[in-house]
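Heads up, the thing below is written out as structure tokens.
Hydrogens, waters and symmetry mates are skipped; everything else that's a heavy atom, side chains included, is used.
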Amino acid sequence: MKKKLCLLSSAFVLLAIACQQDELPVSASENNYISFAAPTLDMETSTRSHTQDALAAGDKFGVLGYCVPYELGRPGTYNYNAGTSVWLNKYGLCPPSVFYNEPVTVGGIYCTYENLKQWYMPGKGMDGLDNAEVGSNAEQYRYTFFAYYPYLDADPVFSVDSPTDAATAGAPKFTFTMPQSGSDVNSPLDHNMTPDAMFAVLFNRQKMQGSLTFTFSHMLTALGFEVNNFSEYDLQVHSIKLSGQFFKQIVLDFTGSGTLGSYTFPEQYYRGAYTVYDETAHNGQPLSLPAPADGEERSTSGLLPQNADGTGEHILLISGSAPYFGPVSGDPASNPDVVHVSIDYTFSDGTIPARRTAVYGRPTTFTPTAGTKYTAQLNFVGNAFVLQFVVDNNETWEDGGSDNDDVIFE
């Protein structure tokens with residue numbers, strides 16, 4: 001289950017985020033310090049729905065930063081003459097000595113970080129102290145930065161698997177882990193626990209380019225639900241659940257090729273059921289969808305699940321590889337680990353109201369990609385449901401039209 005990361009095309013949509021620290025030592029020029037530029041946006045959505053178009057004040061992202069490699073065969077001894085080398089030529093010998101898992105905090109217009117670092121300057125190190133080994137070409141040094149969101153002080157969802165510290169050379173490897181931990185398909189899962197995981201890279205940056213602006217790529221797929229009654233009968237929905245065995249981790253690995261990396265889905269899973277709608281949480285009232293009135297095409301539930309103020313939300317999932325969302329394929333009727341939608345409903349065709357349950361697996365035509373919002377439409381036609389997945393083009397991280405699974409990092 002390996003996919004290619006490249007720098008040319010994208011299945012992750014891009015979210016621009018930038019920050020700049022707002023407190024610098026008054027005795028030094030601000031231009032000499034590595035800073036994070038002011039926020040910009042390249043898209044907007046009409047609702048957060050757990051998918052973000054900006055980072056809020058107080059949010060944190062983690063950063064690894066590289067610049068000067070070690071001498072070949074002499075780990076721990078810096079080769080300052082190679083600071084101008086591009087990332088592909090030095091990543092195997094380069095430690096993350098600029099930043100190692102450094103938290104950066106968003107603060108409205110500006111961002112801050114505690115362990116202030118200066119750009120290398122002729123004859124000076126990143127601490128601003130004299131270092132005769134840093135040559136006259138220091139302002140042409142090339143830096144590479146990796147960033148991930150969110151950085152959490154407690155119960156982190158991202159781990160830096162390698163390097164293990166700021167002194168160990170090598171390109172990085174990261175693991176994102178979903179916070180859910182259900183053990184069977186009936187375990188209740190809370191979609192509010194899942195953060196909008198994002199990742200970004202800046203390759204070969206130089207001091208002359210100024211403050212750093214990260215463009216983050218969304219790593220997860222967003223899935224909303226909608227019930228539409230196209231029939232001539234009244235419809236009541238008692239519950240909707242998304243159940244099965246889901247992928248739990250994504251590994252982002254740059255150790256094999258420096259710039260080109262891979263993302264894989266380890267054999268780590270969680271089982272359970274996401275509640276899309278449940279009448280027990282609505283004072284026992286089912287979701288009522290009357291037959292469409294004259295001149296109307298349908299009656300609709302709107303986007304589900306809904307938060308307290310009635311705004312529709314999305315469930316964030318790891319899109320994975322085929323069979324997608326989880327490792328198990330087949331018929332959910334015979335294997336409950338297959339990711340499936342179940343709907344408990346009542347309808348009346350003019351005789352005796354009948355209560356039924358319908359179960360649907362993923363249609364073979366639905367191949368979800370990261371960074372895209374989808375709506376699973378449960379369309380009631382005649383006396384049965386038809387399941388259809390559509391891209392939310394009015395609320396999308398990307399256009400859903402990509403025909404590959406490449407990822408862009410800028």
Side-chain angles (χ1 to χ4, degrees), residues 3 5-7 9-19 36-37 39-45 47-65 99 101-106 111 113 144-153 155-161 172-179 191-203 212-223 247-254 261-263 265 313-320 368-373 395-399 402 405-410:
K3 295 187 178 182
L5 294 179
C6 77
L7 302 178
S9 60
S10 173
F12 288 177
V13 71
L14 305 178
L15 169 69
I17 167 75
C19 310
F36 298 86
T40 60
L41 299 178
D42 66 354
M43 51 78 70
E44 295 182 359
T45 62
T47 176
R48 286 287 291 275
S49 62
H50 301 297
T51 57
Q52 298 185 226
D53 55 15
L55 298 189
D59 285 345
K60 293 182 181 181
F61 56 91
V63 179
L64 268 67
F99 295 118
N101 208 19
E102 179 69 33
V104 178
T105 303
V106 180
C111 292
Y113 64 97
T144 290
F145 301 91
F146 298 83
Y148 63 87
Y149 172 85
Y151 179 101
L152 299 176
D153 296 310
D155 300 322
V157 293
F158 272 96
S159 64
V160 181
D161 302 330
K173 180 180 178 181
F174 304 86
T175 296
F176 168 77
T177 302
M178 296 283 280
H191 72 280
N192 293 289
M193 294 175 58
T194 307
D196 186 2
M198 293 179 274
F199 198 83
V201 184
L202 292 172
F203 291 108
L212 303 175
T213 301
F214 284 111
T215 299
F216 281 88
S217 296
H218 295 269
M219 296 173 61
L220 303 179
T221 295
L223 185 60
F247 287 115
K248 188 175 178 66
Q249 293 184 325
I250 303 174
V251 174
L252 288 167
D253 189 354
F254 292 86
S262 64
Y263 61 99
F265 311 103
E313 299 183 334
H314 291 78
I315 296 172
L316 298 181
L317 301 167
I318 295 175
S319 59
T369 59
T372 305
K373 291 182 181 179
E395 276 186 39
T396 184
W397 295 327
E398 65 101 19
D399 61 13
S402 175
D405 292 307
D406 293 345
V407 180
I408 185 168
F409 293 134
E410 293 186 349

Output the distance between atom [atom1] ([X]) and atom [atom2] ([Y]), rounded to the nearest 0.5 Å.
{"X": "Leu223", "Y": "His191", "atom1": "CG", "atom2": "NE2", "value": "11.0 Å"}
{"X": "Thr175", "Y": "Lys173", "atom1": "OG1", "atom2": "NZ", "value": "6.5 Å"}
{"X": "Thr194", "Y": "Leu317", "atom1": "OG1", "atom2": "CG", "value": "7.5 Å"}
{"X": "Asp196", "Y": "Tyr149", "atom1": "CG", "atom2": "OH", "value": "7.5 Å"}
{"X": "Ile250", "Y": "Ser319", "atom1": "CD1", "atom2": "OG", "value": "6.5 Å"}

For the residue pair [X] and [Y], what are the closest heavy atoms and their distance?
{"X": "Tyr113", "Y": "Glu102", "value": "CB-OE2, 3.8 Å"}
{"X": "Asn101", "Y": "Leu64", "value": "N-CD1, 3.4 Å"}
{"X": "Thr213", "Y": "Leu202", "value": "O-CD2, 3.4 Å"}
{"X": "Met198", "Y": "Phe158", "value": "O-CZ, 3.8 Å"}
{"X": "Ala147", "Y": "Phe61", "value": "CB-CD1, 4.3 Å"}
{"X": "Ala222", "Y": "His314", "value": "CB-CB, 3.8 Å"}

Is there a donor-acceptor pair under 3.5 Å between the side chain of Lys248 and the backbone N or O of Thr177?
->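 Checked: no pair found.
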Check for a donor-acceptor pair, side chain of Thr221 on one end and backbone N or O of Thr369 on the other, with a separation under 3.5 Å.
->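 Side chain of Thr221 to backbone of Thr369: a pair is present.
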Indicate the ring-plane relationship of Tyr263 and Phe265, choosing parallel, tilted or perpendicular according to the 30° and 60° boundaries.
->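 Aromatic pair Tyr263/Phe265 classed perpendicular.
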Just say parallel, tilted or perpendicular for the rings of Phe99 and Phe145, cut-offs at 30° and 60°.
->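 Taking Phe145 first and then Phe99, their aromatic rings sit tilted (interplane angle of 30° to 60°).
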For Tyr151, all residues meeting ring-ring contact (aromatic ring centres under 6.0 Å, His included), sequence neighbours excluded |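 For Tyr151 there are no ring-ring contact (aromatic ring centres under 6.0 Å, His included) partners, ignoring immediate neighbours.
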Partners passing salt bridge (Lys or Arg N to Asp or Glu O under 4.0 Å) against Asp155 (at least two apart in sequence or in another chain) |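 With sequence neighbours excluded, Asp155 shows a salt bridge (Lys or Arg N to Asp or Glu O under 4.0 Å) to no residue whatsoever.
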Trace of the side chain to side chain contact (heavy atoms under 4.5 Å, CB included) decision for Asp161 with Asp253 = CA-CA 9 Å; Asp161 302 330; Asp253 189 354; over 6 Å; no
Phe199 vs Phe176, ring pair (Phe, Tyr, Trp, His ring centres under 6.0 Å): CA-CA, chis, key distance, verdict | CA-CA 10 Å; Phe199 198 83; Phe176 168 77; over 10 Å; no
So do the side chains of Pro150 and Val157 get within less than 4.5 Å of each other, counting heavy atoms only?
->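 When only atoms from C-beta onward are counted, Val157 and Pro150 do touch, with a gap below 4.5 Å.
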Ile318 versus Leu220: any side-chain heavy-atom pair under 4.5 Å?
->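 Yes, side chains in contact.
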Is the ring centre of Phe254 less than 6.0 Å from the ring centre of Phe146?
->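 Yes, the ring centres sit under 6.0 Å apart.
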